[in-house]
Chemist: 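Before I ask anything, let me first share the structure, which is written out below as structure tokens.
All heavy atoms count here, side chains included; hydrogens, waters and symmetry mates do not.
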Amino acid sequence: MASIPRAYPKNMSSLNGLELTCETDEADLAAKLTSLALGNDDGTDVTAASYDEIDGVKVGHLIFEEYTTDVDAGSREAIHKTKGEPLVCKGRAYINSQAKNVIVFREKP
Amino acid sequence: MRKIQISFLAFAAFFSTGCPKYRPSVNFNDKGSFVNKVNDHFADMESKYFAALPRDPATAKIIRNELIEDSLPYIDGAYIDFITDIQRGRDRTNFVADVIELGTTAAVGITKGERPLQILGVALTAFRGGRRSADLNFYKEQSTPVLIIKMDGNRARVRATILTREKSSVEDYPMGAAISDIVDYYNAGTLVRAFTELQKDTALQTKASEDNVLMLKGVPITPEATLDTRDLAVSASDILQVDIFTQLNDPAEKALATKRLQNIVEALEKDKDAAAALKNAGASSKDTDGVKLRIALIAIRRAAALVNNAALLKTINRAIVDTPIPPMPAPSPTSSPTPSPATPTATPPTMS
């Protein structure tokens, strides 16, 4: 499956705004989110996302959370695992022009 | 005053024992040695400083600064001897000039104030005279130059701090703090400190790597989605990826799914942009291959999303969501005769 790069604006209003945008892209691209990172697109700071194409799969909703340390991320991962919400990716993203640590889970269908 | 002298001597003695390759060399038996010179100078200047302090703080400040500035050349001299020694086993030609050139480069990167740069420049001018760009043999061994660069950088940073603090009053920057800075300046020129600073650099580089940005080229920036946009996109996706996908894989419902896809495509053909996209994808409402129609719809949605064509995406998603599910075809009449009244009638299950 091909990988699809996407770029989101640095001034994304909130973590929820990024979540809605990624869910929209997953639906329209028929793809699943695989990574989030800080990026630079032709000189502009962006949040760089990557998606893998899928077919015949209901991707469901995403859960975006900000984490502080790797220990914090590990705790969040363990909590969501018990709820049957798998880890999608852990990365960095711009929210309100600030770089944030973001961890993403997939909501239980 | 004696305590300060003793403290400095103890500190210098501590760092002067052991392998001389780790720090500037100090010879205690030599009356004209580094420590003795500094010590004598300190004793003299401290007497003047403490005598002036109660009645004339401004004079005390001048004496303090003179003490600092007069003592630093001793440390510089010891440092030059030190780096000369550690280079001796590797290269004997023009190495001082090379080192100084490297050191200046490092200092320029670290000290940003004009004053430190000016002083460093003046101090190093004497060494630049013999510098020849052909001294490339110096670079054959990389580890020692790197350590010297680090030591020079460390020293330049402490020097800049001293220059800044010299502007402070004697209350804010007392003699004890000044001597502490002098000792720090000495330590900055040791290999132990160079290794420590290199470790810190590695940690900082690791952090920087974590923050490394992904370089993209020509990827259009997708604006933030709204809740309505998300809901419409997800609804359309569920229809294509779940409902119709499942129906197309069920022989009993494949025809129904195909009819639904034909209706969606027919609705889209009424829109100019969507019709063009369908034509590019080679799809038509007259197609009878449901799988092909579904793939075409996925392709035109993806293509529209990739160029952030929100209007076209909305049109496609709206058509997918709003096109009604066609009615199930009526079962073809059987040729059997009138059913026997004895045959039980099938009734749908009811919830109790």
Chemist: Is there any residue in residues 228-249 of chain B with a non-hydrogen atom under 4.5 Å from a non-hydrogen atom of chain A, and which ones are they?
Modeler: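 Expected list: B/Thr229, B/Arg230, B/Ala233, B/Val234, B/Ser237, B/Asp238, B/Gln241, B/Val242, B/Phe245.
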Chemist: Of all heavy-atom pairs between B/Ile221 and A/Tyr8, which one has the smallest distance, and what is that distance?
Modeler: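 The answer is CG2-C, 3.9 Å.
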Chemist: Please classify the contact of A/Ser13 with chain B as side chain, backbone, both or neither, using a heavy-atom distance under 4.5 Å.
Modeler: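 Interface part for A/Ser13: both.
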Chemist: For chain A, which residues of residues 263-277 of chain B have at least one non-hydrogen atom nearer than 4.5 Å to it?
Modeler: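 Residues qualifying by a heavy atom under 4.5 Å from chain A are absent, so none.
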Chemist: Sort out for me which of A/Ile4, A/Val57, A/Val46 touches chain B most, counting heavy-atom pairs under 4.5 Å.
Modeler: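 So the answer, after comparing A/Ile4, A/Val57, A/Val46, is A/Val57.
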Chemist: Quick check on the structure: residues of residues 63-73 of chain A within a heavy-atom distance below 4.5 Å of chain B, by number.
Modeler: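 Within residues 63-73 of chain A, near chain B: nothing under 4.5 Å.
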Chemist: CG of B/Leu227: more than 12 outside heavy atoms within 6.0 angstrom?
Modeler: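 Above 12, so yes.
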Chemist: Taking heavy atoms only and a threshold strictly under 4.5 Å, list by residue number the residues of residues 291-317 of chain B that touch chain A; give 'none' if the list is empty.
Modeler: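 Counting heavy atoms that sit under 4.5 Å from chain A, the residues of residues 291-317 of chain B involved are B/Arg294, B/Ile298, B/Arg301, B/Arg302, B/Ala305, B/Leu306, B/Asn308, B/Leu313, B/Asn317.
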Chemist: In this structure, are over 12 heavy atoms from other groups packed under 6.0 Å from A/Lys32 atom NZ?
Modeler: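 No, the 6.0 Å shell around NZ holds no more than 12 heavy atoms from other groups.
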Chemist: Closest approach of B/Leu214 and A/Ala48, non-hydrogen atoms and distance?
Modeler: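 Heavy atoms of B/Leu214 and A/Ala48 come nearest at CD2-CB, 3.8 Å.
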Chemist: Please check: side-chain N/O of A/Asp42 versus main-chain N/O of B/Gly218, any donor-acceptor pairing under 3.5 Å?
Modeler: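 Yes.
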Chemist: Please report the closest heavy-atom contact between A/Thr24 and B/Ala225, naming both atoms and the distance.
Modeler: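 So the minimum-distance heavy-atom pair works out to OG1-CB, 3.4 Å.
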Chemist: Using side-chain heavy atoms (C-beta onward) and a distance below 4.5 Å, is A/Leu20 in contact with B/Glu224?
Modeler: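 No, too far: nothing below the 4.5 Å cut-off.
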Chemist: Which heavy atom of B/Leu216 sits nearest a heavy atom of A/Ala7, and at what distance?
Modeler: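 In this case the closest contact between B/Leu216 and A/Ala7 is CD1-CB, 3.9 Å.
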